[in-house]
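The structure appears right after this line, and notes come after that.
Bear in mind that the values here come from a model prediction, so they are computed numbers and not experimental data.
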Protein chains: 4
Amino acid sequence: MNSPEKRELILRCALSLIIEHGIHGTSVPDVARRAGVAAGTIYQFFQSKEQLIDTLYQELKTSMGAALLRGYDADLPYEERFRLIWKNLFFHFIEHPDEFRFLTRYVDSPIINETTRRGTDEYKPIRKLLREARRSGAIRNLNSEITLALLYGSVISLADLHLRGTPIRGKVLEETIRSCWDAVRGSAQHQ
Amino acid sequence: MNSPEKRELILRCALSLIIEHGIHGTSVPDVARRAGVAAGTIYQFFQSKEQLIDTLYQELKTSMGAALLRGYDADLPYEERFRLIWKNLFFHFIEHPDEFRFLTRYVDSPIINETTRRGTDEYKPIRKLLREARRSGAIRNLNSEITLALLYGSVISLADLHLRGTPIRGKVLEETIRSCWDAVRGSAQHQ
Amino acid sequence: MNSPEKRELILRCALSLIIEHGIHGTSVPDVARRAGVAAGTIYQFFQSKEQLIDTLYQELKTSMGAALLRGYDADLPYEERFRLIWKNLFFHFIEHPDEFRFLTRYVDSPIINETTRRGTDEYKPIRKLLREARRSGAIRNLNSEITLALLYGSVISLADLHLRGTPIRGKVLEETIRSCWDAVRGSAQHQ
Amino acid sequence: MNSPEKRELILRCALSLIIEHGIHGTSVPDVARRAGVAAGTIYQFFQSKEQLIDTLYQELKTSMGAALLRGYDADLPYEERFRLIWKNLFFHFIEHPDEFRFLTRYVDSPIINETTRRGTDEYKPIRKLLREARRSGAIRNLNSEITLALLYGSVISLADLHLRGTPIRGKVLEETIRSCWDAVRGSAQHQ
DNA sequence: TATGAATGAGGTTTCATTCAT
DNA sequence: TATGAATGAAACCTCATTCAT
């Protein structure tokens with residue numbers, strides 16, 4: 001196993017342990033044991049436990065940011081783009097539950113470095129989309145930050161519900177997305 | 001200062017420290033120092049640090065549950081009731097930012113006892129309201145769990161936004177609530 | 001309840017708790033709870049936990065010393081006196097198991113004050129008896145300290161056995177005492 | 001220094017400190033200091049202070065059990081076997097005073113795990129010897145448990161006396177052993 | 001580069017003791 | 001005199017981190 005693979009393995013094992021027992025309940029030797037390496041080896045890749053967690057946070061956020069824009073096409077109608085992003089985020093979350101839990105649980109944690117948390121703005125393209133749509137009158141005349149919060153909040157909330165055992169798929173999923181779109185669009189004209 | 005007051009003080013100091021430094025970053029002596037008592041005194045009121053945190057969680061959840069239904073009147077139209085609850089929750093959160101942060105940050109934390117977390121169902125009256133409204137055709141034909149998630153998720157998300165510096169009040173607040181109501185109501189008939 | 005009675009109650013409760021959980025496992029509040037007094041009250045009678053235990057040790061040793069000589073009569077033959085003392089000690093121990101356990105378990109404990117442990121010599125009359133008997137040729141020609149150790153060791157050992165469930169009474173007890181007497185007397189002439 | 005050696009060192013240092021200051025008066029850092037290791041190191045070898053003490057008890061009991069039977073030969077006459085065992089135990093105790101103190105002081109302590117205390121029966125071969133000797137008429141017709149208690153009690157008692165400054169050796173030792181043998185043998189026939 | 005035994009600072013918790021009531 | 005809440009020193013123990021191998 002080469003170095004990048006080992007690094008990834010350590011991060012994955014840290015993630016699963018943290019989801020199970022919390023950051024506080026996960027020791028470096030625990031991570032080492034699950035990854036099948038020595039505790040010291042972890043310090044070949046990460047300066048400290050904190051930095052490992054920071055790195056994990058960054059990578060998961062980047063991964064989410066990439067998923068967000070999968071198949072994005074600026075030529076599609078606003079509603080289609082909204083639906084695409086909503087679904088990209090939703091499916092990314094429910095297909096990677098540990099990443100979802102980690103990102104939402106620790107987003108505000110003092111354990112995550114302030115600069116890491118700010119990091120890059122994963123939602124930049126969405127902000128742009130929302131600003132354009134608003135200007136064009138395609139969606140409700142609301143501050144884009146608010147619209148983004150409504151969008152993001154609804155996905156988080158429903159992914160959580162799904163993972164807790166209320167399945168959201170098929171027609172229910174479609175109706176749910178329509179509901180979110182109604183919130184965003186308001187009584188604005190259709191494109 | 002009598003005993004219940006001291007107990008409350010300890011809980012309040014624990015809350016503020018946990019918001020600042022996380023549970024992990026808050027030691028019992030830290031809490032004691034801020035509360036102006038000896039470390040041992042905390043163990044007069046709580047069996048352990050864990051139980052202190054559990055108690056905090058329970059009390060904040062109960063307090064939120066009470067705020068939720070302030071002024072609730074089953075004779076009001078559905079939309080009014082929805083607006084009332086939305087605002088109750090929103091104002092409770094933005095007026096008690098630490099409680100808000102604590103409840104949302106640690107809802108899923110392994111630090112919170114499983115039985116404590118389940119506890120009583122604060123949202124029971126809302127579930128009932130949503131079920132009735134759905135049956136009567138006043139809102140979108142969506143599983144009440146989903147509607148509740150949309151409602152709760154939007155409040156969380158917007159309270160968070162507000163506390164991060166994007167003020168939501170006045171007309172913006174009204175439009176935001178209308179947006180959430182649109183999501184819930186869908187194309188259903190007005191009452 | 002007057003003061004001396006309360007003092008005795010505290011000592012008795014301390015004794016029973018110490019036998020159950022050890023000195024280390026018995027806290028002053030524990031003793032207070034069992035005695036039905038406040039923790040602070042114990043400090044009206046004893047300067048410290050250590051001094052309470054010292055006092056307990058002293059009183060139990062004095063009580064044992066008194067039991068030892070019950071019915072002693074210097075005019076009796078040596079064997080009779082030996083039998084009397086052996087039985088006095090044996091019955092005192094098996095009738096007061098907690099006192100027995102405490103005295104034997106903590107005789108050498110660093111918890112007991114050195115001066116307390118030395119204290120008065122409970123065995124003085126016995127030493128005298130053994131010296132006389134030895135001089136008179138009635139018992140084996142062995143250092144009285146050794147004879148005393150043999151006597152005391154055998155009682156301890158058999159009281160322990162009895163309390164652990166091997167009953168020593170009736171003819172068995174008689175034969176056992178005879179055995180001890182044989183050890184002490186040796187091939188010396190009968191009186 | 002390799003691991004087993006370090007483990008043994010820790011046990012030996014714990015033993016000497018416990019004899020000096022009691023279990024309660026011996027802290028884990030104390031043991032670490034005397035052993036020249038860090039406090040945390042002790043937890044590499046033992047799960048807890050309690051388990052360290054349990055282990056110590058077990059090892060000393062095993063060591064005593066081994067000493068007991070040194071040179072044992074079932075072909076020797078009963079008296080010789082009795083003398084051998086008596087001396088084995090006596091010399092083991094006076095040559096390892098700390099082990100002797102520890103074993104006798106804590107045999108009944110609630111600190112020692114119940115299962116540890118029961119453990120293996122170190123005296124099994126002696127019980128067998130005593131039963132045989134009794135059946136063959138070589139010793140007094142007394143329950144073997146009682147005879148064992150007399151034997152064990154006398155050794156304990158005399159080792160204690162010796163260690164307190166009354167030397168028992170040479171002719172005195174011989175006479176003392178004869179005394180114990182007289183107690184056991186009674187008026188039974190010589191072999 | 002990888003190991004894992006060792007470290008020791010710092011955590012939680014206990015409990016003998018005090019003192020205002 | 002009696003109380004028991006409060007104290008805070010000191011206990012046990014964990015675990016992020018280091019470093020000789």
Please determine if a side-chain N or O atom of C:Ser48 lies less than 4.0 Å away from the OP1 or OP2 oxygen of E:dA16.
no
Would you mind reading off the distance between C:Ile18 atom CD1 and E:dC15 atom P, rounded to a whole angstrom?
14 Å
Out of E:dG11, E:dT17, E:dT7, whichever nucleotide has its closest atom nearest the side chain of D:Gln44:
E:dT7
Most 5' of C:Ile23 and D:Gly36 on DNA chain E, judged by nearest nucleotide
D:Gly36
Can you tell me the base-pairing partner of E:dG10? Count Watson-Crick or G-U wobble geometry only, both distances below 3.5 Å, and say none if there is no partner.
F:dC13
Looking at A:Thr116, is its backbone amide N or carbonyl O close enough to the side chain of A:Lys61 to form a donor-acceptor pair, meaning the two atoms are under 3.5 Å apart?
no
CD1 of B:Ile53 versus P of E:dT13: gap in Å, rounded?
10 Å
Around B:Glu50, counting heavy atoms of other residues, nucleotides and ligands shown, do more than 12 lie under 6.0 Å from its CD?
no
Assert: residue with more 5' nearest nucleotide on DNA chain E, out of B:Lys49 and D:Gly40, is D:Gly40
With heavy atoms under 4.0 Å as the rule, sort D:Phe46 into base, sugar-phosphate or nothing.
nothing
Passing option when C:Leu60 is tested against C:Leu103, C:Thr55, C:Asp98 for side chain to side chain contact (heavy atoms under 4.5 Å, CB included)
C:Leu103
Both distances below 3.5 Å, Watson-Crick or wobble geometry, any strand: find the nucleotide opposite E:dT21.
F:dA2
Has C:Arg12 got a side-chain atom pairing as donor or acceptor with C:Ala35's backbone, closer than 3.5 angstrom?
no
Touch class at under 4.0 angstrom, heavy-atom based, for B:Pro29 against every strand present:
base
Assuming nearest nucleotide by heavy-atom distance, tell me which of C:Ala39 and D:Ala39 is located more 5' along DNA chain F.
C:Ala39
Using a 4.0 Å heavy-atom cut-off across all strands, classify D:Val28 as base, sugar-phosphate, or nothing.
sugar-phosphate
Over all strands shown, is B:Thr41 touching base, sugar-phosphate only, or nothing at heavy-atom distances under 4.0 angstrom?
base
Using modelled atom types and a 3.5 Å cut-off, is there a donor and acceptor pairing between side-chain atoms of A:Arg117 and backbone atoms of A:Ser109?
yes
Starting from C1' on F:dT1, measure out to CG on C:Asn2 and report it in whole angstrom.
13 Å
A:Lys6 side-chain N/O to E:dT1 phosphate OP1/OP2 under 4.0 Å:
no
A:Tyr43 atom OH is separated from E:dG4 atom P, nearest whole Å, by 15 Å
Interatomic distance where CD belongs to B:Glu50 and P belongs to F:dT14 [whole Å]
15 Å
Say whether, by atom type as modelled, one donor and one acceptor occur between the side chain of D:Arg34 and the main chain of D:Ala14 under 3.5 angstrom.
no
Between CG of A:Leu52 and C1' of F:dT17 the distance, given in whole Å, is 14 Å
Between F:dT18, E:dT14, E:dC15, spot the one nearest the side chain of C:Ser27, thanks.
E:dC15
Rounding to an integer number of Å, can you tell me how far A:Phe45 CZ sits from E:dT1 P?
9 Å
Report the distance from atom CZ of D:Arg33 to atom P of E:dT7, rounded to the nearest whole Å.
14 Å
Given E:dA16, F:dT7, F:dG4, which nucleotide is nearest the side-chain atoms of C:Ala38?
F:dG4
